[in-house]
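For reference, the structure is listed below as structure tokens.
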Amino acid sequence: MNILQINKLDNVAVALKDLQKGTVVSVNNSAIELPEDIPSGHKVAIRDIAENENIIKYSFPIGHAVCPIKQGSHVHTHNIKTNLGSILNYEYNPALPAVLPASNKKTFMGYKRENNTVGTRNNLWIVPTVNCVTSTVHYLEKIGRKLIENYPNIDDCIGITHPYGCSQIGNDYVMTQKILANIVNHPNAGAVLVVSLGCENNNLTEFKKVLGKYNPDRVKFMVTQEVEDEDITGRQLLKELAEFANKYKREQCPLNKLRIGLKCGGSDGFSGITANPLIGELSDLVIGSGGTTVLTEVPEMFGAETLLMNRAKDERTFQKTVNLINCFKQYFKRYDQPISDNPSPGNKKGGITTLEDKSLGCVQKGGHAQVVDVLDYGDTIKTTGLNLLNGPGNDSVSTTVLAASGCQIILFSTGRGTPWGTIVPTAKIATNSKLAKYKAKWIDFNAGSLLEGIEMQQLRDNLFDFILDTASGKQTKAEQMDFHEIAVWKDGVTE
């Protein structure tokens with residue numbers, strides 16, 4: 001098979017490999033001779049398409065033709081234009097709830113916390129309130145990693161740095177505080193040292209107001225301007241924290257405590273055919289077994305948002321989804337930017353043409369479950385099931401906000417590859433086997449096997465086993481490379 005028509009209503013198909021001019025392909029029992037080269041992952045017209053006619057993929061419009069397109073021609077940025085560009089009104093047309101599968105595997109080996117949450121890691125984290133102490137945090141991380149060699153139940157010591165915490169005003173300042181507070185409270189951290197400079201906007205007095213209640217044995221603080229030697233003080237505090245964190249041991253934890261973030265980046269023409277549908281099937285299995293998944297990247301819902309809106313569990317959740325979409329569109333308009341300014345150059349090279357094309361593939365990570373809640377940026381998970389989370393498509397920011405929401409693991413589909421890893425285990429799911437082989441040090445799981453004869457249910461079950469192993473301590477490739485980063489969303493003025 002050289003090309004794939006995803007849905008019988010589609011007027012384009014996807015090339016499954018590089019196809020040369022003159023190649024004869026077959027679709028719907030018709031033979032088509034290609035008048036030009038078609039790169040792998042790109043679209044080919046399977047019939048004549050008139051000027052201004054919609055291009056249909058996944059059974060939905062992904063834009064319209066800007067000129068007549070002959071059967072067999074390459075369909076891409078040179079002859080398609082997006083249909084997006086306005087803020088819309090929506091009507092709630094609730095779909096019947098899908099019947100979700102459930103696994104007979106009900107537990108994983110995690111760390112039970114006193115607040116009834118569960119961690120997939122038992123880490124010692126060092127969190128700065130401000131970027132001014134970044135070097136100090138890196139220095140303390142080295143000390144902490146040497147220290148935990150004597151504490152067998154601690155998985156790692158990680159310094160979590162960022163460029164903010166001072167000279168911020170308004171919503172940016174509040175969001176930085178919320179993200180950092182959520183990180184401090186995250187169940188993957190057995191203990192946390194919060195490091196402050198002392199004179200910053202986000203000083204400890206202010207930060208503790210956002211942090212809320214905490215266990216003083218689990219969370220300790222150091223103001224570097226107020227201690228004579230942060231080396232001596234830091235070592236002592238890290239030792240006390242390590243002794244506390246080391247009391248936790250892996251034990252059987254119920255699957256309903258598992259919270260998985262869903263993310264894609266460096267997408268290509270296969271993302272909506274392999275990795276994203278596979279993650280969607282995995283999401284359904286996790287939710288059907290009592291767990292929770294979280295879908296973000298709001299701009300990559302544009303053009304496919306009604307698929308999520310109509311799965312809202314009730315009218316209130318539907319309206320929250322409408323607000324999620326339209327408020328993000330207003331964000332673009334506030335800065336006089338086009339709503340459809342996506343996909344990226346890499347996406348286009350991989351075969352994605354318009355934002356609708358990207359979105360219809362992207363939302364498949366959410367599977368078929370009802371949408372049970374919509375979270376704002378910096379909110380934490382409150383409801384079991386499929387949640388939508390406010391955040392941009394940017395890989396760094398979206399993975400950070402997924403972690404900050406309470407996700408203990410992130411599934412990250414990619415067609416072009418990325419080494420990125422955030423503070424929770426971040427597993428890369430390749431859309432194609434070529435990438436999986438070429439970037440074996442980046443890729444954790446190959447969804448490209450779906451194009452090589454492996455059945456979806458079998459691969460879903462394999463991915464589920466991988467998730468349970470990861471939740472139980474198996475390191476992702478990003479963890480093996482010691483990639484642990486965060487990025488906080490910035491919108492406003494820096495003083």
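In this chain, residues are counted from 1 in sequence order.
Under the 3.5 Å distance criterion, with hydrogens and angles disregarded, no donor-acceptor pair is assigned to the side chains of N188 and R113. Defined by atom type and a distance below 3.5 Å, a donor-acceptor pair is missing between the side-chain atoms of T422 and E485. Side-chain polar atoms of S196 and E200 form a donor-acceptor pair below 3.5 angstrom.
Proximity of the aromatic rings of Y214 and F221 is defined here by a centroid distance below 6.0 angstrom, and this criterion is met.
Within a 6.0 Å sphere centred on NZ of K208, heavy atoms belonging to other residues, nucleotides or ligands number more than 12.
Scanning both residues, P299 and P392, for their nearest heavy atoms gives CD-CA, 4.0 Å. For E300 against G393, the heavy-atom pair with the smallest separation is OE2-CA, 3.7 Å. A pairwise comparison of heavy atoms in V192 and L124 identifies N-CD1, 4.4 Å as the closest pair. The nearest pair of heavy atoms linking A304 to L360 is CB-CD2, 3.7 Å.
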Inset, instruction - Mind running side chain to side chain donor-acceptor pair (under 3.5 Å) on S283 and T293 for me, showing each step along the way? - result: CA-CA 6 Å; S283 174; T293 64; 2.8 Å; yes
Inset, instruction - Check the pair Y331, W489 against ring-ring contact (aromatic ring centres under 6.0 Å, His included), reporting the backbone distance first and the verdict last. - result: CA-CA 13 Å; Y331 167 61; W489 198 6; 5.4 Å; yes
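Ring orientation note: the planes of F332 and F302 are nearly perpendicular, at an angle over 60° on the 30°/60° scale.
Classification of D376 and K178 as a salt-bridged pair fails, no side-chain N sitting under 4.0 Å from a carboxylate O. A salt bridge links K320 with D373; the closest basic N to acidic carboxylate O contact falls under 4.0 Å. Ionic pairing of K247 and D217 is not present here: no N-O contact between side-chain nitrogen and carboxylate oxygen is shorter than 4.0 angstrom. Under a 4.0 Å N-O distance rule, the pair K213/E114 does not qualify as a salt bridge. In this structure, R145 pairs ionically with D156, as a charged nitrogen and a carboxylate oxygen lie closer than 4.0 Å.
Looking at V294, L295, T399, T426 one by one, the single match for side-chain contact (heavy atoms from CB on, under 4.5 Å) with K263 turns out to be T399. When the options L258, N462, L285, V286 are evaluated for a side-chain contact (heavy atoms from CB on, under 4.5 Å) with I467, the one that passes is L258. Of the residues T383, I381, T296, the one that meets the side-chain contact (heavy atoms from CB on, under 4.5 Å) test with L375 is I381.
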